[in-house]
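Within every chain, numbering begins at 1; the chains are lettered A, B, ... in the order of the sequence lines, protein sequences first and strands thereafter.
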Amino acid sequence: MDSSFLLSITTFAYLLCTLLYLSGVVFLYQPLLISGSVVGALTLVVQTAGLLLRWRESYQLGYGHAPLSNLYESLVFAAWAIILIYLILELRTRQRVLGVFPALFAFLAMAYASFSTQVDSKIQPLVPALKSNWLIAHVVTCFLGYAAFAISCGISILYLLRKAQGGNPHPRGILGLLPEARQLDQFNYQMIVFGFLWLSLGIITGSIWANSAWGTYWSWDPKETWSLITWLVYAALLHSRTMQGWRGSRVAWLSVIGFSCVLFTYFGVNFLLSGLHSYATK
Amino acid sequence: MQQKKGFLDLLTQNLSSMRLTVLLFLTLAVCSIMGTLLPQGTSLEELQGHYGPSLSWWIDTVGLNDLYRTGWFRTLLLLLCLNLIICTTQRLPKTLKLLQHRDEQISPEKLEKFNCHTEITTPRPLDAARTQLTEVISEAFAPLQPLQGSDAFCAVAERGRWSRLMVYIIHFSVLVILLGALLGSLFGFKGFMNLSEGEASDEVLLTMGKDPVMLPFQVRCDDFNVSFYDNGAPKEYRSDLTILDKGQEVLKQSIRVNDPLSYQGVTFYQASYGSMLKQVEIEIQDRDAGTAYKLTLPYREVVSIPGTHDEIEVMQYQENFSNFGQAAAIVLLREGEQPSGSWILVDMPEFHGNRIQNYRIKVLNIEKGHYTGLQVKRDPGVWFVYIGFIVMLMGIGMTFYTSHRKLWVWASPSKSGKNTTTVLIAGKTNKNSLAFEQEFNHLCARLQSDLNPK
Ligand code: HEM
């Protein structure tokens, strides 16, 4: 059994998990939601084993590095972090309905990593610039932050759906299972606060690493700048909560915008901006 | 519009508002996005090649090609600092006052107005209830401190009072980081130097134009090495460096990418490398005298030709000279004459042009060495930045994961029954009210059962 086998099981298991959560919400049927949580937790275990196995395989190949070094590995780690953080949130809040989006995001990350032709899933050796313990610290912290923001984005979407129902405290149908708006707002805030802490750590470890590798802690390259933009959006969100009338929907919208910035930092900078740059310097 | 405010009042009012803060955050975000859409650091000439003259003029004038260094971008950062400082000077005194404030009087009417409040009736006399309340709350929440001056039992318990100060610590750290960045740009430099193996130098060429910086000591590159993985990808770049202070070797260290060397506040980073000529072995034939010698010519060192007063030197080398392959430019120095030289083709040893005056020259061997590209930096502000980072992280962690929670207790003999006591409990938190509500309800349930034994 090798890591790629375990990780492909993971991909399909997250699809199953998503479907269970979704059908639980659609049919308003609690046992489906519970089985969603169970499948999610079991998959997390399989995925953890897959990641650890991949780590060991990289040593057997003679490269020897943590599975956090390229787009494929970071996507797999992102899925892992989303489900881990979500399950902890679920354990604490007992709100299983919130699971639809995190499970979906985790599945999409795994599916993109496994099936896209742009993503190379081979274990590759580390180029000299990446050989540093800061690599692990930087990637882990950033992705814990991104994962929390992904969950917050999911909660925000639920919040906005819930608000679209107007003031009705007991909406019928699919939304009937959702927690109250005030609760959703609190969960959302907790996720953002958690994400902000980790994103700050991620940016800081990144800049300390840059300083120890090539002597500048900040050089305004597009990736760096986009992570700062993301950070600024969430800082704006945290501050706007203290202003009258900004709690609730506007915060939810800012969270969705913030998560789009995360996605752009992650994919857009690689695929769009670098293309733009190579075009412009041709 | 009752009265006209002074301009200064209006200014400070705006500069202290959170609205401005949010606006500045979002403006900075949008401006930063613009900077990522265009490659930064391009010159007007390069722009004109892509965008035509008038659009390039606009880009250059607004500074989109070097956005993060423009005056207006820095003004935005300065505004954020001002906003922060003025906001702090207005709020900090109030917060400090709040922290020193002790409740003197509470009344049942006041407590009933709280979102979180409960009333419990117990069949115990006031004294017993008081002991029990103090015990449970002190153990489960925080020490319960009685307030004086009322017939009833009034008390307060609170936790995490200081957590209200943490926000100020985060904000302070932002200023420290920006100050560090400012110090670095005022008193530091950033540049590079290329050293061939064996060469020592003290001259640093700056990345941003201007004159080179002369270091108070010299750096020598003793050796440079690249290694590769089996699949051809680079594995490691390493330079062995020696620091020479007044001619003395004071420090020897190998540097790699991610592993620099620091001396007297100047840091050397492995940034790039290249190959260059080290020495050339030639056979030189004197066609007048009929003699031939083998000579080794180190790059740019004068070597004398045996049996003559002539000297010879390799001045340059090209990988591909006019499509004739490798070539070395060799110069003959003869007393009383202008130096004369020629490009000697290495890959075509029989070429008739491989000669200088009466000498025919054949290159037998070419030995190439490496030069290492070092990035050189001095940044006296970096410690401010790092300290700011640490303080910021601690501040953010503490702001988010601690809160100021307070409980008020009021107990007095019930009006109706004899020897029963009415207890009012109210609670308040400055954040995460949902979690606090849970804790509050938990505590009240416990008090309810403790005060009403079956
Ligand atoms: C880059 C700059 C800044 C950062 C990183 C930052 C960070 C933070 C953080 C993390 C919080 C805690 C939010 C929460 O508990 O939900 C906070 C609160 C606050 N910030 Fe900032 N801030 C910055 C700039 C500013 C500026 C310029 C102002 C000026 C008005 C300001 C005013 C405040 C106030 C008044 C609070 C307290 C809100 C409350 O009472 O809960 N901040 N800030």
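- For the set A:L228, A:N211, A:I203, the count of heavy-atom pairs under 4.5 angstrom toward chain B peaks at A:N211.
- Nearest approach of B:N258 to A:A213, heavy atoms of both residues: OD1-CB, 3.1 Å.
- In terms of heavy-atom pairs under 4.5 Å with chain A, the best-connected choice from B:M392, B:Q270, B:K377 is B:K377.
- Taking OG1 of B:T36 as the reference point, atom CD1 of A:I229 lies at 5.5 Å (rounded to 0.5 Å).
- Distance check, rounded to the nearest 0.5 Å: NZ of B:K431 to CZ of A:R241 gives 9.0 Å.
- For A:F187, the part lying near chain B is the side chain, with the backbone staying farther off; criterion is any non-hydrogen pair under 4.5 Å.
- Only the side chain of B:V385 comes within less than 4.5 Å of a heavy atom of chain A; its backbone N, CA, C and O stay farther away.
- Taking chain B as the reference chain and counting heavy-atom pairs below 4.5 Å, the highest number among A:T225, A:T216, A:V193, A:I208 is found for A:V193.
- Heavy atoms of B:S32 lying under 4.5 Å from chain A belong to its backbone as well as its side chain.
- With chain A as the partner, the residue from B:G184, B:P260, B:S262 showing the most heavy-atom pairs under 4.5 Å is B:P260.
- Residue A:D221 does not touch chain B at all, counting heavy-atom pairs closer than 4.5 Å.
- Residue contact with chain A, scored on non-hydrogen atoms closer than 4.5 Å, involves the backbone of B:D259 exclusively.
- Among the candidates B:I396, B:T21, B:L67, B:T399, the residue making the largest number of heavy-atom pairs closer than 4.5 Å to chain A is B:I396.
- Annotation for B:F384: atom CZ does not count as buried by contact number, only 12 or fewer foreign heavy atoms lying within 6.0 Å.
- We find the CD1-OG distance between B:I177 and A:S207 to be 8.0 Å, quoted to the nearest 0.5 Å.
- Counting heavy-atom neighbours within 6.0 Å of A:N133 CG, excluding the residue itself, gives a total of 12 or less.
- In this structure, A:W218 has its ring center at least 6.0 angstrom away from the ring center of B:Y68.
- For a residue to count as touching a neighbouring chain, one of its non-hydrogen atoms must lie under 4.5 Å from one of that chain's; by this rule B:F268 does not touch chain A.
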*Begin from the C-alpha positions of B:F73 and A:W220 and carry the test ring-ring contact (aromatic ring centres under 6.0 Å, His included) through to its verdict.*
CA-CA 13 Å; B:F73 190 79; A:W220 292 107; 5.5 Å; yes
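- To the nearest 0.5 Å, atoms NE2 (A:H239) and CZ (B:R19) are separated by 14.5 Å.
- Heavy atoms closer than 4.5 Å to chain B are found nowhere in A:L237, neither backbone nor side chain.
- Closest heavy-atom contact between A:A236 and B:L26: CB-CD2, 3.8 Å.
- Between B:G397 and A:L197 the shortest heavy-atom distance is N-CD1, 3.9 Å.
- For the set A:L254, A:L238, A:T230, A:L201, the count of heavy-atom pairs under 4.5 angstrom toward chain B peaks at A:L201.
- Within 6.0 Å of atom CG in B:N441, more than 12 heavy atoms from other residues, nucleotides or ligands are found, so the atom counts as buried in its surroundings.
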*asked:* Set out, in order, the CA-CA distance, both residues' side-chain angles and the distance that settles side chain to side chain contact (heavy atoms under 4.5 Å, CB included) for A:F194 and B:F400, then state yes or no.
replied: CA-CA 8 Å; A:F194 181 80; B:F400 289 155; over 6 Å; no
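- In plain terms, the two heavy atoms of B:E437 and A:R182 that are nearest each other are OE2-NH2, 2.8 Å.
- Looking at A:W134, there are no atoms closer than 4.5 Å to chain B (heavy atoms on both sides), in backbone or side chain.
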